[in-house]
Engineer: 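The structure under discussion is supplied below as structure tokens; questions concerning it will follow.
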Amino acid sequence: MITKTDGFVLKSMRYRDTSKIVTFYTRRFGKIKGIAKGARGMKSKFGAALEPLSLISMVLYKKEHRELQFISQCDLVRTYRSIETDLEKMAVGMSILELLNRTTHDEEENALLFETVRTLFEVLESTQKNPMNLLYGFQLRLGTIFGFGVSLEACSVCGRSLESLVGDSFVWFQAGKGALLCESCADGHEVGSATRKISVATAQILSRFHSARIESLSSIQLDQRTGNEVDETLRSYMRYHFEGWKPLKSLEVLQRVHG
Ligand SMILES: [Zn+2]
């Protein structure tokens, strides 16, 4: 059938002399792969619509259980100038798409996930500060969308609230359960290998990244030390839940530039 949907380009590679094979994350069909014939020709009708970091609208001949769909038309719906021209924003945008590609299976529609990414891109485009916060917020939302969301309001054993733990220096984050253990409960417990000791301040920031609206994520301020701890904690959370986890390539580029 001939059909139409919006999507983000996740990956694009050359195919034969003039074509491209492109992976999209679409609103209606989730992740799909398609072939765009003639996409690399001088007068290609696809123009710049097959590059990552833009929202596109496509027409495709869709066949069930076919690995490669035939893309007949692709138009830009939204370009993100600020993301394309700011190195840190670009790294965050590419990381979001990389995560999306790695954590989804072909043809599993998920309107909430699509809408989450679209909103993240709008906010990333307009934000003046803390673009990394959007990537942190996205990782926590991925957990919720895929059914292993965190619960960071209180110790999972004794129920003491995170707020009342401010006098303590540390809590333990259990990547498997996405839950917290206070110091006294961690004492008598088998904490397990996928458990990290983190500062209460970091737990509070993680909790805010989890519950804040996407529009408010970049106004959350954190110092470098907390930022590093948030980063490491989320990495261990992702590693626990997604098999064969590897560090994000899009972030390595940024880290190399920053030395
Ligand atoms: Zn406790």
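Note that ligands are numbered from 1 as they come in the structure, with each ligand's atoms numbered from 1 the same way.
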Engineer: Can the positive tip of Lys62 be found less than 6.0 Å from the middle of the six-membered ring of Phe29, inside 45° of the ring normal?
Structural biologist: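 Here Lys62 passes the 6.0 Å and 45° test against Phe29.
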Engineer: Listed by chain and number, what are the side-chain hydrogen bond (donor to acceptor under 3.5 Å, both in side chains) partners of Glu122, not counting sequence neighbours?
Structural biologist: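 For Glu122 the side-chain hydrogen bond (donor to acceptor under 3.5 Å, both in side chains) partners, ignoring immediate neighbours, are Arg78.
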Engineer: Under 4.5 Å between any side-chain heavy atoms of Val171 and Cys155, yes or no?
Structural biologist: no
Engineer: Give a yes or no on whether the backbone of Asn133 and the side-chain of Asn130 come within a donor-acceptor separation of less than 3.5 Å.
Structural biologist: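 The answer is no, because no donor-acceptor pair under 3.5 Å joins these two groups.
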Engineer: Measure from NZ or CZ of Arg102 to the centre of the six-membered ring of Trp245 and say whether it is under 6.0 Å with the direction within 45° of the ring axis.
Structural biologist: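 Yes, Arg102 sits over the ring of Trp245.
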Engineer: What orientation do Phe114 and Tyr25 show, parallel under 30°, tilted 30 to 60°, or perpendicular over 60°?
Structural biologist: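 The arrangement is parallel - the two ring planes meet at less than 30°.
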Engineer: Determine how many protein N/O/S atoms sit closer than 2.8 Å to the Zn ion (ligand 1), leaving waters out since they are not shown.
Structural biologist: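 Every protein N, O or S atom under 2.8 Å from the Zn ion (ligand 1) counted, the figure is 4.
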